[in-house]
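Down below is the structure, laid out as structure tokens.
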Amino acid sequence: MRKPILLVALALSINAKASTFNINKISAQNITLLKDSVPENAIGAKPSVIPLKKFRLAFSGGPSFLMSKTNNNVPEDFRQYVKELKSGSHFSVDGGYFWREDIGLGLKYSSFYSKNSMANVYVEDAYGQQRYGSMADNINTQFVGAVFYNRAQSKSAKITWLANIALGYISYKDEGRLVDPIKITGSNIGASLDFGADFKLSNSLYLGLQAGYMLGVLKKLKYTTSAGQQTLKLDKDNYESMNRIDLSGGIRWVW
């Protein structure tokens, strides 16, 4: 009795396989292969990511705004003059090497310019005599330092997001006039922070937009006049702040 049972089971098994094969064969007649069809083992595969270049050189420029408050000792007649002097422009260039996709090191240089002038002012000298003329300021601050980069690429690979922090040396120079010519200089340690995005134009060229913050404070100033030089140490309440916001755009070259 076992033999017939085994034969029946075998026959059913063969018949089931045959039926399944025929069903698939019949169904296949109604299937159309699309041009963009992909193999089953490709479904769920990660899209290829275009690797970021190792070197980046950026040129930027735009408006800048000094953030320090106007000293309460400034006379009311000159407060608007000082306010206008707080707005200026900057230019910067930085270059870096990325040994990893997201991390790099480099150098940064930044220069800030601001100027203003006013006629019909007077000063009183040590002898109590009043002298009339003009007042002018032509301010230039420069920063150079080492910069640390962090970056990430968008899914479309058309935008690269960047953040960087730099630490270095900042200098201040004001070639002005207070009836007579006067030059004021100073320097100290400075730092900067930048956040921005590079928009791809070609394989090696990007358009960049960024916002930055420069930090620096002067604790002493050197005054140079026709009478000679004098260095003035500032007390803590009168430190000269060089903190500013930079808004910029520019070209980035990568390779």
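Small disclaimer: the values here were computed from a predicted structure and weren't measured. Atoms considered below: every heavy atom in the structure, side chains included; atoms not considered: hydrogens, waters and symmetry mates.
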| message | Treating S92 as the side-chain partner and S110 as the backbone partner, does any N or O pair qualify as donor plus acceptor under 3.5 Å? | response | no

| task | Go through the steps for M214 and N243 under the test side-chain contact (heavy atoms from CB on, under 4.5 Å), then give the verdict. | result | CA-CA 5 Å; M214 184 70 66; N243 295 355; over 6 Å; no

| query | So if you build clusters from Ile, Leu, Val, Met, Phe, Trp, Tyr with side-chain heavy-atom gaps below 4.5 Å, do V217 and L85 land together? | reply | yes

| query | Thinking salt bridges, do R244 and D246 make one under a 4.0 Å N-O criterion? | reply | yes

| query | In the single-linkage hydrophobic clustering (I, L, V, M, F, W, Y; side-chain heavy atoms under 4.5 Å), do F195 and L162 co-cluster? | reply | no

| Working for salt bridge (charged side-chain N to carboxylate O under 4.0 Å, His left out), residues D137 and R177 | CA-CA 7 Å; D137 288 273; R177 173 178 291 274; over 6 Å; no

| query | Roughly how far, to the nearest 0.5 Å, is the CD1 atom of I251 from the OG atom of S60? | reply | 9.5 Å

| query | Would you say the side chain of F78 lies within less than 4.5 Å of the side chain of V121, judging by non-hydrogen atoms? | reply | yes

| Spacing of I139 atom CD1 and K115 atom NZ [to the nearest 0.5 Å] | 12.0 Å

| Got a sec, which hydrophobics cluster with I189, joining ILVMFWY side chains under 4.5 Å apart, including via others? | L167

| message | Less than 4.5 Å apart, side chain to side chain, heavy atoms only: is that true for L107 and V144? | response | no

| Should F65 and Y213 be counted in the same cluster of Ile, Leu, Val, Met, Phe, Trp and Tyr side chains packed under 4.5 Å apart? | yes

| task | Check L207 against R252 and note the closest heavy-atom contact, atom names and distance. | result | C-CD, 4.4 Å

| query | Taking atom CG of L178 and atom OH of Y223, what is their separation to the nearest 0.5 Å? | reply | 11.0 Å

| request: Say whether T225 and K183, considering side chains only, have a donor N or O and an acceptor N or O under 3.5 Å apart. | output: no

| Once you round to the nearest 0.5 Å, how far does CZ of F98 lie from OH of Y149? | 6.0 Å

| task | For K233 and K219, indicate whether the former's side chain and the latter's backbone hold a donor-acceptor pair under 3.5 Å. | result | no

| Point-to-point distance, once rounded to the nearest 0.5 Å, from CZ of F91 to CZ of F112 | 15.5 Å

| query | Taking atom NZ of K53 as the centre, does the number of heavy atoms from other residues, nucleotides or ligands within less than 6.0 Å exceed 12? | reply | yes

| query | If Ile, Leu, Val, Met, Phe, Trp and Tyr residues are connected whenever their side-chain heavy atoms lie under 4.5 Å apart, and connections chain through other members, are I182 and L234 in the same group? | reply | yes

| said: I'd like to know whether T160 forms a side chain to side chain donor-acceptor pair (under 3.5 Å) with K200, so could you lay out the CA-CA distance, the side-chain angles of the two residues, the decisive distance to 0.1 Å, and finally the verdict. | reply: CA-CA 8 Å; T160 303; K200 188 174 184 179; over 6 Å; no

| task | Mind listing the closest non-hydrogen atom pair of I159 and A197 along with its distance? | result | CG2-CB, 4.0 Å

| note | Residues S87 and S114: closest non-hydrogen pair is O-OG, 3.3 Å

| message | Tell me whether Y239 at atom OH has more than 12 heavy atoms from other residues, nucleotides or ligands lying less than 6.0 Å away. | response | yes

| Are any of the side-chain heavy atoms of R131 and D180 separated by less than 4.5 Å? | yes

| remark: Heavy-atom nearest pair, H90 first then S64, reads ND1-OG, 2.9 Å

| request: Applying side chain to side chain donor-acceptor pair (under 3.5 Å), run through S111 and Y113 and close with a yes or a no. | output: CA-CA 7 Å; S111 185; Y113 303 91; 3.1 Å; yes

| Side-chain H-bond candidate by donor/acceptor type, Y109 with Q142, under 3.5 Å | yes

| field | Chi angles and distances behind the side chain to side chain donor-acceptor pair (under 3.5 Å) call for Q130, Y132 | value | CA-CA 7 Å; Q130 293 183 349; Y132 292 83; 3.2 Å; yes

| field | Any Y97 side-chain heavy atom under 4.5 Å of K54 side chain | value | yes

| said: Measuring only between side-chain heavy atoms, which start at C-beta, is M67 closer than 4.5 Å to I245? | reply: yes

| query | Run the side-chain contact (heavy atoms from CB on, under 4.5 Å) check on Y172 and N188 step by step: do they pass? | reply | CA-CA 9 Å; Y172 172 91; N188 204 349; over 6 Å; no

| Taking it one step at a time, do L193 and N164 satisfy side-chain contact (heavy atoms from CB on, under 4.5 Å)? | CA-CA 6 Å; L193 300 168; N164 67 64; over 6 Å; no

| field | CA sep, side-chain torsions, deciding dist, call: N116, E84, side chain to side chain donor-acceptor pair (under 3.5 Å) | value | CA-CA 7 Å; N116 203 357; E84 294 173 359; 3.1 Å; yes

| field | F148 and I165: CA distance, side-chain angles, deciding distance, side-chain contact (heavy atoms from CB on, under 4.5 Å) verdict | value | CA-CA 5 Å; F148 173 83; I165 181 171; 4.1 Å; yes

| Same apolar cluster (I L V M F W Y, side chains within < 4.5 Å links), V93/L247 | no

| S192 and K108: side chain donor to acceptor below 3.5 Å | yes

| Do you see a donor-acceptor pair shorter than 3.5 Å between the side chains of N138 and D174? | no

| request: Take atom CG of N120 as the centre, draw a 6.0 Å sphere, and report whether it contains more than 12 heavy atoms from other residues, nucleotides or ligands. | output: no

| Considering all heavy atoms, the nearest W253-S204 contact | CD1-O, 3.1 Å

| Minimum heavy-atom separation for S187 to Y169, with atom names? | CB-OH, 3.2 Å

| task | Report the relative orientation of the aromatic rings in W161 and F199; use parallel for angles under 30°, tilted for 30 to 60°, perpendicular for over 60°. | result | perpendicular

| message | To the nearest 0.5 Å, what is the distance between CG on N238 and CG on N71? | response | 5.5 Å

| Around atom NZ of K222, are there more than 12 heavy atoms of other residues, nucleotides or ligands at under 6.0 Å? | no

| task | Using a strict 4.0 Å threshold on nitrogen-to-oxygen distance, state whether R151 and D198 make a salt bridge. | result | no

